[in-house]
Protein chains: 2
Amino acid sequence: MPLPQTEAPGRLQAELMSRGLRMTHQRRTILSVVETAKQHLDASQILRRARKLDPQVDRVTVYRTLKLLKRHGLVDELDLMHMQGEKHFYERRPQRDHIHMACLRCGKITEFESDLFDRLKGQIQRDCQFHIVVTRLEIGGYCAQCRSASKQ
Amino acid sequence: MPLPQTEAPGRLQAELMSRGLRMTHQRRTILSVVETAKQHLDASQILRRARKLDPQVDRVTVYRTLKLLKRHGLVDELDLMHMQGEKHFYERRPQRDHIHMACLRCGKITEFESDLFDRLKGQIQRDCQFHIVVTRLEIGGYCAQCRSASKQ
DNA sequence: TTCCTGTTGATATCGAGTTGCAATTATAGC
DNA sequence: GCTATAATTGCAACTCGATATCAACAGGAA
Ligand SMILES: [Mn+2]
Ligand SMILES: [Mn+2]
Ligand SMILES: [Zn+2]
Ligand SMILES: [Zn+2]
């Protein structure tokens, strides 16, 4: 039993349990991977990390769990400009939405929060009578380093 | 010869030719499909429409042409929340960027332009020293119709 | 502990998109 | 208009992210 049941349940686990969902060993493992990730991970990276904790976990369960988390609004899915293949990336939904910038040269991902973004969402809800559930603002371009590097 | 060579070249075609790219019959066909599309089309829809004009056109050529158009910043790629499968959708890049809202109930796609969005992009370029090449703001939620329909 | 139902793993399969390569063709130069 | 040549195409095979199926399993209420 690599993952003792007694560990403090993360927020993701608590969220799912409060919604009456069954908490399996595999789910706990996958949730802990998503929750402790310091970067944006794709499904196969999540699988690899989950297997380190519990070699039993199957690829299919990772996909099923990610779909579940998306459906409950607990993780967000990103393209990050599909810079290498068609994979999607996942991150815990933060308190406040943020913007993702992907550098088309070095691949670096930068996050950015902005009042203007919050106001824009407000405008959309008001002017379009559209009830926003999920937002995804992704920007491709060139980061500061790569800009100065390419100026000679 | 369903597509006479004498037809006025569309803007996409003119753009590509001005960049010194070869203008093949297949490309002309695919460009005309993309250019005249009234909705967001995925690759297989583009193929089907292109084949109506020239049954010779191959699936691979559609993908290659879309990649070319993306690389030249002439079309934008969208997920539209991946509501049915993993397809991507394409549209001619407009003068002014717009936002895409996808209704998670009826699937309707709504477009929206906003000064706040333009200002947000300006802020990002300034504050993050990030040179923006492409932006993609996609929002999932519930449209006005579906909201009132679900209120009993 | 029992029972029931939701969940899982193994496998096969789907389907969007890519690759390799020989045949074709656009176009620049004559 | 020809010719030469390098870009482009079509076909087939392939990659790989994601899904469907279904028997076996296990969470958790009673
Ligand atoms: Mn995508
Ligand atoms: Mn659009
Ligand atoms: Zn960079
Ligand atoms: Zn709707």
Side-chain angles (χ1 to χ4, degrees), chain A residues 1 3-6 9 13-14 16-31 33 40-48 50-51 53-72 75 77-90, chain B residues 1 3 5-6 9 13-14 16-31 40-48 50-51 53-72 75 77-90:
Chain A
M1 317 245 158
L3 261 191
Q5 312 281 44
T6 51
Q13 181 177 329
L16 283 186
M17 289 182 77
S18 78
R19 295 171 200 212
L21 284 155
R22 287 198 186 169
M23 193 45 51
T24 64
H25 186 197
Q26 293 92 327
R27 277 190 186 159
R28 244 189 297 269
T29 305
I30 295 166
L31 296 186
V33 169
H40 306 95
L41 302 178
D42 64 43
S44 68
Q45 291 174 308
I46 293 170
L47 174 64
R48 221 174 306 132
R51 276 217 221 257
L53 302 172
D54 174 3
Q56 271 291 66
V57 176
D58 193 83
R59 211 161 53 94
V60 178
T61 304
V62 169
Y63 282 115
R64 284 196 277 234
T65 304
L66 286 174
K67 185 175 265 187
L68 181 78
L69 290 168
K70 269 192 286 178
R71 201 173 341 116
H72 283 82
V75 304
E77 186 177 64
L78 303 167
D79 270 24
L80 300 182
M81 289 293 135
H82 281 310
M83 301 202 6
Q84 41 156 1
E86 299 296 304
K87 16 178 153 273
H88 289 116
F89 296 86
Y90 301 90
Chain B
M1 319 240 159
L3 260 192
Q5 313 279 48
T6 53
Q13 182 176 329
L16 283 187
M17 291 181 77
S18 78
R19 293 173 202 211
L21 284 155
R22 289 199 184 168
M23 194 44 51
T24 64
H25 187 197
Q26 293 92 326
R27 277 189 186 160
R28 245 190 297 271
T29 306
I30 294 166
L31 296 186
H40 307 94
L41 302 177
D42 64 43
S44 68
Q45 290 174 308
I46 292 170
L47 174 64
R48 221 175 305 132
R51 277 217 220 256
L53 302 172
D54 174 4
Q56 272 291 65
V57 178
D58 193 83
R59 208 163 56 91
V60 178
T61 304
V62 169
Y63 282 114
R64 285 198 274 233
T65 304
L66 287 173
K67 187 176 265 189
L68 182 77
L69 290 168
K70 268 191 286 177
R71 202 175 336 119
H72 283 84
V75 304
E77 185 178 66
L78 303 168
D79 270 25
L80 301 181
M81 290 294 135
H82 281 311
M83 301 198 11
Q84 39 155 5
E86 298 297 305
K87 14 178 155 276
H88 290 116
F89 295 87
Y90 301 90

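Below, read A as the first sequence line, B as the second, and so on, with proteins coming before strands; counting in each chain starts at 1. The basis for the numbers below is simple: all heavy atoms, side chains too, and nothing from hydrogens, waters or symmetry mates. Not measured: the values here are computed from a predicted model.
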Open item on the list: Going by salt bridge (Lys or Arg N to Asp or Glu O under 4.0 Å), name the residues that satisfy it together with K70(B), two or more places apart in sequence or in a different chain.
Closed with: E77(B)

Task: Set of residues satisfying salt bridge (Lys or Arg N to Asp or Glu O under 4.0 Å) with respect to D79(B), sequence neighbours excluded - done: R136(A), R136(B)

Rounded interatomic separation in angstrom, taking [atom1] from [X] and [atom2] from [N]:
X	N	atom1	atom2	value
L47(B)	dT18(C)	CG	C1'	16 Å
Q45(B)	dG15(C)	CD	P	15 Å
D54(A)	dA26(D)	CG	P	12 Å
D58(A)	dT11(C)	CG	C1'	10 Å
L41(B)	dA16(C)	CG	P	14 Å
R71(B)	dA7(D)	CZ	C1'	12 Å
R48(A)	dC16(D)	CZ	P	13 Å
L68(A)	dG27(D)	CG	P	16 Å

TODO: Would you please name every residue forming a side-chain hydrogen bond (donor to acceptor under 3.5 Å, both in side chains) with R19(B), sequence neighbours left out?
DONE: E15(B)

Taking side-chain contact (heavy atoms from CB on, under 4.5 Å) as the test, write out the residues that go with [X], two or more places apart.
X	answer
E86(A)	H82(A), H88(B)
R59(A)	L47(A), Y63(A)
R22(A)	R27(A)
M83(B)	M81(B), A102(B), L104(B)

Task: Counterpart residues, ring pair (Phe, Tyr, Trp, His ring centres under 6.0 Å), relative to H72(B) (two or more places apart) - done: none

TODO: Apply side chain to side chain contact (heavy atoms under 4.5 Å, CB included) to the pair R48(B) and Q45(B), showing each step before the final yes or no.
DONE: CA-CA 5 Å; R48(B) 221 175 305 132; Q45(B) 290 174 308; 4.2 Å; yes

Quick check: closest heavy atoms across [X] and [Y], and the distance to 0.1 Å?
X	Y	value
F89(B)	D42(B)	CD2-N, 3.7 Å
V62(A)	A43(A)	CG1-O, 3.8 Å
A50(B)	T29(B)	O-CG2, 3.5 Å
L31(A)	Q13(A)	CD1-CA, 3.6 Å

Open item on the list: Checking side-chain contact (heavy atoms from CB on, under 4.5 Å) between V57(B) and each of V60(B), L53(B), D54(B), which is the one that passes?
Closed with: D54(B)

Using a cut-off of less than 4.0 Å, is there contact between a side-chain N or O of [X] and OP1 or OP2 of [N]?
X	N	value
T61(A)	dG9(C)	yes
T24(B)	dA7(D)	no
Q26(A)	dC25(D)	no

Strictly under 3.5 Å: I want the nitrogen or oxygen pairs between protein and nucleotides 28-30 of chain C, one per line.
none

Could you go through nucleotides 17-19 of chain D and list every protein N or O atom that sits under 3.5 Å from one of its N or O atoms, giving the distance for each pair?
unit_1  : atom_1 : unit_2 : atom_2 : d
dG17(D) : OP1    : K87(A) : NZ     : 3.4
dA18(D) : OP1    : H88(A) : ND1    : 3.0
dA18(D) : OP2    : Y63(A) : OH     : 3.2
dA18(D) : N7     : R59(A) : NH1    : 3.4
dA18(D) : N6     : R59(A) : NH2    : 3.4
dT19(D) : OP1    : K67(A) : NZ     : 3.3

Distances under 3.5 Å between nitrogen or oxygen atoms of protein and nucleotides 3-6 of chain C:
unit_1 : atom_1 : unit_2 : atom_2 : d
dT5(C) : O2     : R22(A) : NH1    : 3.2
dT5(C) : O2     : R22(A) : NH2    : 3.1
dG6(C) : O4'    : R22(A) : NH1    : 3.4
dG6(C) : O4'    : R22(A) : NH2    : 3.4

Task: Inter-axis angle, terminal five-pair segments of the helix from dT1(C)-dA30(D) to dC30(C)-dG1(D) [nearest 10°] - done: 50°

